[in-house]
Enquirer: 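Just dropping this structure here.
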Amino acid sequence: MKRIGLILLVVILVLPAVAQKQKEIQLDEVKVQAAKVVNKADGKLFLPSDAQKQSSTNGYSLLGKLSLPDIRVDVVMHTIKTLNNKGEVQLRLNGALASKEDLLALDPKCIRNIDFIDNPGVRYGEGIAYVINIRTSRGNSGYTLGSELTNSVTTWDGDHTVYARLNHKNSELGLVYDFSYWDFNGNRNKEYADYLLNDGTHYKISREDQQTRNRKFCNNIELKYNLADSASYVFQATLSGDFSHDPSSFNNRRIIDGTRNYEVMALDRGKSFSPVLDLYLYHQLARHQSVTANITGTSISTRKHDFNNEGSDYEYHIAGHTWSLMSEAVYENRLKPFSLSFGLQHLVKYTRNVYSGDVESVNYMHNSNLYLFGELKGNIKSIGYVAGLGASDARYSQGTYHYHFWMFRPKATLTYTILKPLSLRYSLEVYQHTSLVAMISDTKIRQNSMEWTVGNPNIEPNRVIKHQVMLACTLPRLTSQLDMEYRVNTNCNMASYTRTADDQFYYTQKNQHSIDLFFIRNSSTYDILPEKLSVSVNGGIFRFFNHGDNYRHYLTTYSYGGSIQAYLGKWTFTFNADNGWKFMEGETLDRQGSATYLTCSYHLGNCDISLYWQHPFEKDPEVNYSELENENIRKKMTMRGSDYGNGLTIGFSWKLNRGHKYRDIQKKLKNSDTQTGIL
């Protein structure tokens with residue numbers, strides 16, 4: 001298998017060298033005859049074809065057909081993830097952060113283009129590896145009614161969205177309701193653990209699920225009002241509410257430790273409610289100048305109950321409350337040959353989590369963050385450049401712990417057009433990483449009879465230095481991109497395990513030496529028959545370096561995958577496959593399971609019927625495999641999910657539109673807060 005993978009990788013790496021005769025690029029008022037992908041200083045601009053739009057039912061469906069580099073779009077589960085663990089994927093709709101409901105209610109026929117930013121500037125904050133900004137048009141007058149219904153026929157899993165939008169002159173009123181649920185009983189975890197005790201002996205134990213149930217019900221409703229004059233201003237007010245409920249999830253687990261063979265149980269239940277009010281304003285000051293402002297208020301109320309009886313009964317409750325206010329303002333001046341932008345972001349947040357039962361802890365956390373940034377972007381002949389600087393004033397306090405950090409984020413990017421279809425890009429970035437709020441609490445929670453998770457209030461932000469080189473080739477029928485990256489995380493938050501005098505093992509995070517990463521990767525797409533048949537392939541080599549206080553771990557991995565898309569009139573067929581993602585961070589090696597999807601859809605009038613087949617011919621696919629390589633703990637953990645094997649999901653989409661004139665809406669900002677601070 002490795003030999004085949006290496007051969008495939010070599011083919012992928014030489015694919016950009018395939019010569020093609022360049023075709024004349026012509027622009028028309030209605031139809032774009034240019035290449036479907038345009039290289040930019042910070043990424044690529046995708047121009048979806050009419051065939052791709054016509055055969056798509058929502059935003060996820062269209063993104064899944066574009067073969068975005070390093071991105072896995074799951075059109076069934078409505079998720080978008082990276083294949084290389086570089087960071088988060090940020091979704092935006094006309095510049096504003098987009099939710100799952102926004103993409104489900106999106107009409108693909110209204111999409112003008114998709115800005116795929118694989119080199120986000122200082123404007124987007126930390127932890128963002130990719131930004132996908134979908135630009136659309138909307139009707140001057142008329143209405144849109146629709147529904148997006150997906151339901152699995154092989155397990156209990158569904159996602160149902162209904163929406164309505166009414167446009168009249170400068171106003172738009174929208175209502176979206178989404179209900180999703182899952183009730184899985186086919187997930188099985190198997191774990192083998194070897195604990196080195198204080199007396200030098202080994203305690204070996206296996207934990208294997210016998211019966212499991214994982215279920216959740218989610219409701220989301222969103223009311224949105226938009227007042228816009230595309231030449232002058234945009235005002236939008238959005239009120240939304242999220243309610244999720246887990247009535248009871250459990251697993252019965254068999255324990256074998258050499259002398260005993262018995263069963264234990266773990267169960268949890270919980271619910272949360274989060275109302276959000278978002279106000280947005282965009283105003284055009286002059287021909288090239290604009291100001292954008294956004295303010296978002298969020299409240300999160302959480303109730304959670306956990307129980308397990310491995311070793312002894314252990315039960316606790318959590319009552320959590322979070323309130324936050326996020327604000328942002330950006331000034332832009334689009335001059336020639338460059339544009340200039342300045343802005344600030346401000347967060348004020350209060351968290352109160354009360355643990356009761358076998359966990360007695362009260363966490364009061366106050367944190368604030370002021371982020372200032374400036375960015376310059378432009379072109380000089382065949383050279384494009386982006387230069388920016390961000391600075392954060394971060395403060396937080398918890399009980400007697402008080403912290404204040406200044407963090408800086410400079411970033412510079414140069415793009416050189418070697419030939420008309422060939423460009424070279426280099427990027428240097430320095431930024432600071434901050435741990436999740438939950439890990440800086442002082443709470444301690446038992447995971448099983450031997451292990452505990454412990455927060456560490458003394459965690460400090462760490463510096464990350466990232467070098468990127470990208471070579472891109474864009475021809476009318478071929479797009480290919482070769483990426484190289486070297487990332488250095490110094491004094492970063494890494495796993496730390498300690499053994500107590502009574503042979504208990506504590507997991508926490510603390511600042512240690514470094515986690516470094518180097519990789520080289522290629523993604524290529526070729527149109528065998530334009531507008532009819534295309535194929536995409538990708539592959540890469542990754543090298544991980546983990547330098548802890550008392551350990552050194554290294555790993556080399558290979559990733560590869562591909563997709564085939566066929567558009568045959570009202571029929572669309574798509575096949576996607578990849579070998580998953582394998583990485584090592586700290587002392588844990590993790591391997592996500594490989595993925596295979598087949599999609600078939602049929603368009604009939606205002607309706608679309610789709611069939612998704614995931615993990616075909618696999619009865620019990622491996623979802624995840626991981627190993628812990630600590631000097632005192634050795635573990636091998638495997639998760640399989642029969643709910644995903646040979647999974648069939650039927651999708652039905654119905655959409656009714658009235659109104660034919662369209663105008664552009666360019667929203668720039670929108671913020672959200674989902675961190676509860678619960679460990």
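Here the structure is a predicted model, which is why all the values come from computation and not from measurement. The basis for the numbers below is simple: all heavy atoms, side chains too, and nothing from hydrogens, waters or symmetry mates.
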Enquirer: Has Asp527 got a side-chain atom pairing as donor or acceptor with Leu529's backbone, closer than 3.5 angstrom?
Expert: no

Enquirer: Identify, with sequence neighbours excluded, every residue that meets side chain to side chain donor-acceptor pair (under 3.5 Å) alongside His467.
Expert: Tyr426

Enquirer: Verify the distance criterion only: is there a donor paired with an acceptor across the side chains of Glu148 and Ser653 at less than 3.5 Å?
Expert: yes

Enquirer: Would you indicate whether the side-chain heavy atoms of Ile465 and Leu428 approach each other to under 4.5 Å?
Expert: yes

Enquirer: Nearest heavy-atom pair of Gly384 and Asn379: which atoms, and what distance?
Expert: CA-OD1, 3.3 Å

Enquirer: Scan Asp118, Thr415, Thr413 and name whichever one has a side-chain hydrogen bond (donor to acceptor under 3.5 Å, both in side chains) with Arg425.
Expert: Asp118

Enquirer: Show the nearest heavy-atom pair for residues His547 and Tyr554, with the distance to one decimal.
Expert: NE2-OH, 3.2 Å

Enquirer: Centroid-to-centroid, Tyr612 to Tyr597, below 6.0 Å?
Expert: no

Enquirer: Within this structure, what is the CZ-CD1 distance for the pair Arg92 and Ile132, rounded to the nearest 0.5 Å?
Expert: 12.0 Å

Enquirer: How are the rings of Trp581 and Phe544 set to each other: parallel, tilted or perpendicular (split at 30° and 60°)?
Expert: perpendicular

Enquirer: So how far is it from Thr596 OG1 to Trp613 CH2, rounded to the nearest 0.5 Å?
Expert: 10.5 Å

Enquirer: For Tyr416, what residues pass the ring-ring contact (aromatic ring centres under 6.0 Å, His included) criterion, not counting sequence neighbours?
Expert: none

Enquirer: Kindly write out the residues that satisfy salt bridge (charged side-chain N to carboxylate O under 4.0 Å, His left out) with Lys411, not counting sequence neighbours, or none if the list is empty.
Expert: Glu429

Enquirer: Does any N or O in the side chain of Asp483 come within less than 3.5 Å of the main-chain N or O of Met470, such that one atom is a donor and the other an acceptor?
Expert: no

Enquirer: For a quick test of reading the model, state the closest non-hydrogen atom pair linking Arg334 to Ser290 and the distance between them.
Expert: NH1-OG, 3.4 Å

Enquirer: Kindly compute the distance separating CZ (Phe519) from CG (Leu517), expressed to the nearest 0.5 Å.
Expert: 6.5 Å

Enquirer: Please step through side-chain contact (heavy atoms from CB on, under 4.5 Å) for the pair Lys109 and Lys655, ending with a clear verdict.
Expert: CA-CA 11 Å; Lys109 300 178 187 64; Lys655 196 178 271 94; 5.8 Å; no

Enquirer: What do you reckon, are the aromatic ring centroids of Tyr560 and Tyr558 less than 6.0 Å apart?
Expert: no

Enquirer: Decide yes or no on side-chain contact (heavy atoms from CB on, under 4.5 Å) for Arg477 and Leu475, but give the supporting numbers first.
Expert: CA-CA 5 Å; Arg477 293 174 63 177; Leu475 297 170; over 6 Å; no

Enquirer: Do the side chains of Val464 and Arg487 get nearer than 4.5 Å, heavy atoms only?
Expert: yes

Enquirer: Set out, in order, the CA-CA distance, both residues' side-chain angles and the distance that settles side-chain contact (heavy atoms from CB on, under 4.5 Å) for Leu414 and Leu424, then state yes or no.
Expert: CA-CA 8 Å; Leu414 288 176; Leu424 179 66; over 6 Å; no

Enquirer: Hydrogens and angles aside, do Thr417 and Ser382 bring a side-chain donor and acceptor to less than 3.5 Å of each other?
Expert: no

Enquirer: So do Thr572 and Thr574 actually touch side chain to side chain, heavy atoms under 4.5 Å?
Expert: yes

Enquirer: Please walk me through it: do Val234 and Tyr280 pass side-chain contact (heavy atoms from CB on, under 4.5 Å)?
Expert: CA-CA 8 Å; Val234 174; Tyr280 168 87; 3.9 Å; yes

Enquirer: Only counting residues at least two apart or in another chain, list the ones meeting salt bridge (charged side-chain N to carboxylate O under 4.0 Å, His left out) with Arg165.
Expert: none

Enquirer: So which heavy atom on Ser524 is nearest to which on Ser480, and how close?
Expert: OG-OG, 2.6 Å

Enquirer: Using 0.5 Å steps for rounding, measure from the CG atom of Asn489 to the OH atom of Tyr431.
Expert: 6.0 Å

Enquirer: Report yes if the side chains of Glu375 and Val386 come closer than 4.5 Å at any heavy-atom pair, otherwise no.
Expert: yes

Enquirer: For a 4.5 angstrom cut-off between non-hydrogen side-chain atoms, does Phe542 reach Ser559?
Expert: yes

Enquirer: What's the verdict on side-chain hydrogen bond (donor to acceptor under 3.5 Å, both in side chains) for Asn333 and His288, showing C-alpha distance, side-chain angles and the deciding distance?
Expert: CA-CA 5 Å; Asn333 196 338; His288 302 293; over 6 Å; no

Enquirer: Can you sort out the partners of Lys44 under side chain to side chain donor-acceptor pair (under 3.5 Å), two or more places apart, ordered by chain and number?
Expert: Asn39, Gln481

Enquirer: For Trp571 and Phe573, take the angle between the two ring planes, folded into 0 to 90°, and tell me which bin it lands in: parallel under 30, tilted 30 to 60, perpendicular over 60.
Expert: parallel

Enquirer: If we only count heavy atoms from C-beta on, is the Ser601 to Asp608 side-chain gap below 4.5 Å?
Expert: no

Enquirer: Evaluate the criterion side-chain hydrogen bond (donor to acceptor under 3.5 Å, both in side chains) for residue pair Ser536 and Thr525; output intermediate values, then yes/no.
Expert: CA-CA 4 Å; Ser536 301; Thr525 299; 2.9 Å; yes

Enquirer: According to salt bridge (charged side-chain N to carboxylate O under 4.0 Å, His left out), who are the partners of Asp115, at least two apart in sequence or on a separate chain?
Expert: Lys40, Arg135

Enquirer: With a 6.0 Å cut-off (strictly less than), is the heavy-atom count around CZ of Arg463, excluding the residue itself, greater than 12?
Expert: no

Enquirer: Considering the options Asn538, Val537, Leu482, which one meets the side chain to side chain contact (heavy atoms under 4.5 Å, CB included) requirement together with Asn522?
Expert: Leu482

Enquirer: Taking all non-hydrogen atoms of both residues into account, name the closest pair between Gln284 and Gln289 and its distance.
Expert: NE2-O, 3.2 Å

Enquirer: Ile515 and Glu585: which non-hydrogen atoms are nearest, and at how many Å?
Expert: CD1-CG, 3.7 Å

Enquirer: Nearest 0.5 angstrom please: Thr150 OG1 to Tyr60 OH, how far?
Expert: 11.0 Å

Enquirer: Are Ile134 and Leu63 side-chain neighbours, meaning at least one heavy-atom pair lies under 4.5 Å?
Expert: yes

Enquirer: Kindly compute the distance separating CE (Met584) from OG1 (Thr556), expressed to the nearest 0.5 Å.
Expert: 11.5 Å

Enquirer: Less than 4.5 Å apart, any side-chain heavy atom of Leu340 and any of Tyr331?
Expert: no

